[in-house]
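Structure first, commentary second.
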Amino acid sequence: MDHLTTTGTFSLDGQTFDVENNVWVVGDDDECVVLDAPHDVEAIVAAVGERDVLAIVCTHAHDDHVRRAPELAERLDAPVLLHPADRPVWELTHPGVPTVDLHDGEVLDVGGTTLHVLHTPGHTPGAVCLHAPELETVFTGDTLFQGGPGATGRSFSDFPTIVASIRDRLLTLPPGTRVLTGHGGSTTIGDEAPHLQEWLDRGH
């Protein structure tokens, strides 16, 4: 597994913010998948190297996670996988550009690692997390961070929905599972699970 960060902007609802995104490359020396395609195609291509890229997997369709996805897909000759519930969000950035549907329960096999797709709506309607049991890791995009759920104060998001997703799909994973996020540092399921009621009480 490889990790890089890229910097750029996130825009929605008429506001723009500077952001730094995590990009995760999962696989072995021969093949891999890329999780999210934010700001810098060349940096991602360099991280991939000579490996065969099976797919670019979008954890959700906010522009800071998919801005370079079509360009990267062309460079790497790989499909872009997106949960169909996020098509309306994708269309804001890439109107009319096709993607391949990614479904809850789907399993992606890459380089000896299995990535189990968990549909975790709330941050966006089609947000997904990727659980890799062999790595004792879950890639959570912007659904779960160190300290709580991803933001739900903008269009297409809903706080009760994201909390339900985290409670029912993520906090049921083994406590030692590493949580690798779309922004910032990592945490574990065990570190976050005790704070569910705190998140509910604060309401965000």
Enumerate, atom names and distances included, each donor-acceptor pair closer than 3.5 Å involving a side-chain atom of residues 148-156, sequence neighbours excluded.
residue: S155; atom: OG; partner: D13; partner atom: OD1; Å: 2.6
residue: S155; atom: OG; partner: D13; partner atom: OD2; Å: 3.3

Validation: residues 188-196 side-chain donor-acceptor distances under 3.5 Å, sequence neighbours left out:
residue: T188; atom: OG1; partner: D191; partner atom: N; Å: 3.0
residue: T188; atom: OG1; partner: D191; partner atom: OD2; Å: 3.2
residue: E192; atom: OE1; partner: G147; partner atom: N; Å: 3.0
residue: E192; atom: OE2; partner: T187; partner atom: OG1; Å: 2.7
residue: H195; atom: ND1; partner: E198; partner atom: OE1; Å: 3.3
residue: H195; atom: ND1; partner: E198; partner atom: OE2; Å: 2.9
residue: H195; atom: NE2; partner: D191; partner atom: O; Å: 3.4

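Residues that satisfy the side-chain hydrogen bond (donor to acceptor under 3.5 Å, both in side chains) test with T16, not counting sequence neighbours, are S11. With sequence neighbours left out, the salt bridge (charged side-chain N to carboxylate O under 4.0 Å, His left out) criterion links R67 to D63. The side chain to side chain contact (heavy atoms under 4.5 Å, CB included) search around V45 returns V41, L72, R75, L76, not counting sequence neighbours. Annotation: side chain to side chain contact (heavy atoms under 4.5 Å, CB included) contacts of Q15 (sequence neighbours excluded): F17. Legend: residues meeting side chain to side chain contact (heavy atoms under 4.5 Å, CB included) with T7, ordered by chain and number and at least two apart, are E20. Listed by chain and number, the residues in a side chain to side chain contact (heavy atoms under 4.5 Å, CB included) with H103 are P84, D101, E106 (sequence neighbours excluded). In terms of the salt bridge (charged side-chain N to carboxylate O under 4.0 Å, His left out) criterion, D30 has no residue partners (sequence neighbours excluded). Among residues two or more places apart in sequence or in another chain, the salt bridge (charged side-chain N to carboxylate O under 4.0 Å, His left out) test is passed with R167 by none. Applying the salt bridge (charged side-chain N to carboxylate O under 4.0 Å, His left out) rule to D158 yields no partners; only residues at least two apart in sequence or on another chain are considered.
Annotation: the span from T59 atom OG1 to W24 atom CH2 amounts to 12.0 Å, rounded to 0.5 Å. Of the inter-residue distances, the one linking L115 atom CG with C129 atom SG reads 12.0 Å to the nearest 0.5 angstrom. One distance of note links OG1 of T99 with CG of D86; it measures 9.5 Å at 0.5 Å rounding. Atoms CH2 and OG1, from W90 and T124 in turn, are 13.0 Å apart once rounded to the nearest 0.5 Å. Distance check, rounded to the nearest 0.5 Å: OG1 of T5 to CG of N21 gives 9.0 Å. With rounding to the nearest 0.5 angstrom, the CG atom of D52 is 10.0 Å from the CG atom of D28.
In this structure, T181 and N22 approach most closely via the heavy-atom pair O-ND2, 2.9 Å. In this structure, A127 and T143 approach most closely via the heavy-atom pair CB-OG1, 3.9 Å.
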> Which is it for T6 and E42 under the side chain to side chain contact (heavy atoms under 4.5 Å, CB included) test, yes or no, and what are the steps along the way?
Replying inline: CA-CA 10 Å; T6 67; E42 297 303 327; over 6 Å; no

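The number of heavy atoms from other shown groups lying within 6.0 Å of CG (D29) does not exceed 12. For Q197, the CD atom is densely surrounded, since the number of other residues' heavy atoms within 6.0 Å is greater than 12. Dense packing is recorded around CD of E91, with more than 12 heavy atoms of other residues, nucleotides or ligands lying under 6.0 Å away.
Looking only at side-chain heavy atoms (C-beta outward), L130 and V57 come within less than 4.5 Å of each other. Side-chain contact between S165 and L170: absent, with no pair of heavy atoms (C-beta onward) separated by less than 4.5 Å. Contact of the P70 side chain with the H94 side chain is registered, since non-hydrogen atoms from C-beta on lie closer than 4.5 Å. Contact check for L118 versus V128: no side-chain heavy atoms found under the 4.5 Å cut-off. Looking at M1 and L180, their side chains come closer than 4.5 Å, going by heavy atoms from C-beta outward. In this structure the side chain of L35 never reaches within 4.5 angstrom of the side chain of V25, judged on heavy atoms.
Grouping the Ile, Leu, Val, Met, Phe, Trp and Tyr side chains by contacts below 4.5 angstrom, directly or via other members, places V26 with L54.
Side-chain atoms of D64 never come within 3.5 Å of backbone atoms of P38 as a donor-acceptor pair (strictly under, hydrogens ignored). Listed for the R87 side chain is no donor-acceptor partner under 3.5 Å among the backbone atoms of H83.
Pairs engaging residues 60-80 under the ring pair (Phe, Tyr, Trp, His ring centres under 6.0 Å) rule: F10-H62, H60-H62, H60-H65, H60-H123, H62-H123, H65-H183 [sequence neighbours left out].
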